[in-house]
Trainee: 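My structure is below; once you've seen it, I'll send some questions.
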There are 2 protein chains.
Amino acid sequence: MRYPQQITDLIENLAKLPGLGRKSATRLAFHILKRPTSEIAALASALLAVKREIHFCSVCHDYTDQDPCSLCSDPKRDSTVICVVESPNDLLAIESSGIFKGRYHVLGGAISPLSGIGPADLYLDDLIARVKNPLPDGSKIQEVLLATGSSPDGEATCSYLLDLLKDIPVKVTKLARGLPVGMDLEFVDQGSLKEALEFRRKI
Amino acid sequence: MRYPQQITDLIENLAKLPGLGRKSATRLAFHILKRPTSEIAALASALLAVKREIHFCSVCHDYTDQDPCSLCSDPKRDSTVICVVESPNDLLAIESSGIFKGRYHVLGGAISPLSGIGPADLYLDDLIARVKNPLPDGSKIQEVLLATGSSPDGEATCSYLLDLLKDIPVKVTKLARGLPVGMDLEFVDQGSLKEALEFRRKI
């Protein structure tokens with residue numbers, strides 16, 4: 001039995017989304033058939049709008065609908081500190097902490113030989129240029145915070161960046177490792193515990 | 001931190017789909033940002049196409065892009081047998097068995113007092129009219145196969161239909177219940193086993 005072509009097309013397109021097999025795509029397609037047209041039209045136009053209007057900021061490479069993005073053009077943020085992250089999601093995680101008030105630089109991934117991602121695939125040259133060149137007001141970048149993940153790929157990227165930055169007179173920092181907040185010691189992984197002990201602080 | 005409005009809109013629209021919370025909608029939105037525009041445009045146009053071009057067949061109430069649908073207008077199918085199902089999905093399940101070669105009637109649900117679905121919410125009047133009225137070639141409906149589910153709602157709908165059909169001179173049948181094919185006896189539910197024993201067949 002064949003569905004009408006329009007339904008087959010929809011199922012095939014939905015099945016390309018991550019985490020949707022053919023069966024759940026079919027279920028979703030029948031759900032969509034039952035929803036009001038206005039709701040589905042809104043979804044379709046939201047899909048088209050992100051593809052049409054969202055691009056990468058030419059300065060920090062975060063997603064944005066203006067260029068430079070709102071973070072890069074916000075005069076209240078400290079231009080002399082750059083936080084380097086792997087992805088726009090990581091940027092969001094840091095932003096939602098509300099602590100960091102500098103600028104960002106999104107690498108667009110982490111060095112991962114297993115996935116075939118090398119340094120040339122990341123926005124590294126731009127970062128070095130941003131760090132080396134004076135800012136429009138003549139001041140210089142004071143600090144580069146390497147906020148890559150604590151996965152092996154993230155750590156490898158961090159080391160690579162450290163090497164790139166070693167001849168530039170700028171302070172390079174990385175996120176503190178240690179106990180996750182709100183967790184019993186018995187559940188903390190060995191790696192975090194090791195870092196927490198090694199870098200214990202005086203109180 | 002705020003995403004650009006377009007991304008927020010997309011997340012909100014995706015989060016309305018079943019099984020997608022805000023977190024998975026966000027993950028999906030970022031996936032969509034990374035996909036080629038052509039792929040997302042195809043998805044958007046597939047969404048719009050089903051809402052624009054798919055409607056209910058005026059005869060059997062299945063989803064269709066023509067009226068009457070291809071099943072209702074197929075001259076090779078037996079017009080004198082009507083299989084009554086709850087939903088288009090159930091129709092597909094029966095069609096994919098390849099056994100049934102008659103016509104269908106989709107009720108649009110099952111009677112379910114708990115969900116507030118009563119007989120007036122289903123396409124029952126049309127069904128009775130189809131069964132009572134002679135076919136265009138003058139012949140009459142010979143058999144109505146009640147293929148509602150074996151859930152309590154399905155069984156209730158089946159009883160209700162039996163009652164509606166009792167004064168019409170037509171053969172009324174229902175799907176056989178019994179052992180699911182390809183299952184060890186130890187895993188079969190008690191209800192199926194009871195039916196399998198009660199309606200055991202001579203071989």
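Naming: A, B, ... by sequence-line order, numbering from 1 per chain.
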Trainee: When rounded to the nearest 0.5 angstrom, what is the spacing between CG in B:Asp9 and CG in A:Leu43?
Mentor: 11.0 Å

Trainee: Among the options B:Ile54, B:Thr26, B:Leu33, B:Val50, pick out the one with the most heavy-atom pairs lying under 4.5 Å from chain A.
Mentor: B:Leu33

Trainee: Flag the pair A:Phe30 / B:Tyr63 as yes when at least one side-chain heavy-atom distance between them is below 4.5 Å, and no otherwise.
Mentor: yes

Trainee: Does B:Asp78 CG have over 12 foreign heavy atoms under 6.0 Å away?
Mentor: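 For B:Asp78, atom CG is crowded (more than 12 foreign heavy atoms under 6.0 Å).
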
Trainee: So which atom in B:Pro4 and which in A:Thr64 form the shortest heavy-atom distance, rounded to 0.1 Å?
Mentor: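 So the two residues come closest at CG-CA, 3.9 Å.
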
Trainee: Counting only non-hydrogen atoms closer than 4.5 Å, does B:Ile11 touch chain A with its backbone (N, CA, C, O), its side chain (CB onward), both, or neither?
Mentor: neither

Trainee: Please classify the contact between B:Glu12 and chain A as side chain, backbone, both or neither, with a heavy-atom cut-off of under 4.5 Å.
Mentor: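 Neither; nothing under 4.5 Å.
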
Trainee: Under a 3.5 Å distance rule, please check whether B:Lys51 uses its side chain to pair with a backbone N or O of A:Ile32 as donor and acceptor.
Mentor: yes

Trainee: Go through the atoms of B:Thr37 and report whether side chain, backbone, both or neither lie under 4.5 Å from a heavy atom of chain A.
Mentor: both

Trainee: Which bit of A:Leu28 is near chain B, if near means a heavy-atom gap under 4.5 Å: side chain, backbone, both or neither?
Mentor: side chain

Trainee: Any side-chain heavy-atom pair from B:Leu47 and A:Leu47 closer than 4.5 angstrom?
Mentor: yes

Trainee: Shortest non-hydrogen contact from A:Glu53 to B:Gln6?
Mentor: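 Closest heavy-atom pair between A:Glu53 and B:Gln6: OE1-NE2, 2.7 Å.
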
Trainee: Is B:Ser70 in contact with chain A via its backbone, its side chain, both, or neither, using a 4.5 Å heavy-atom distance?
Mentor: side chain

Trainee: Would you indicate whether the side-chain heavy atoms of A:Asp65 and B:Ile7 approach each other to under 4.5 Å?
Mentor: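 No, too far: nothing below the 4.5 Å cut-off.
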
Trainee: On a heavy-atom basis, which atom in B:Leu10 and which in A:Ala46 lie closest, and how many Å separate them?
Mentor: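 Taking B:Leu10 first and A:Ala46 second, the nearest heavy atoms are CA-CB, 3.8 Å.
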
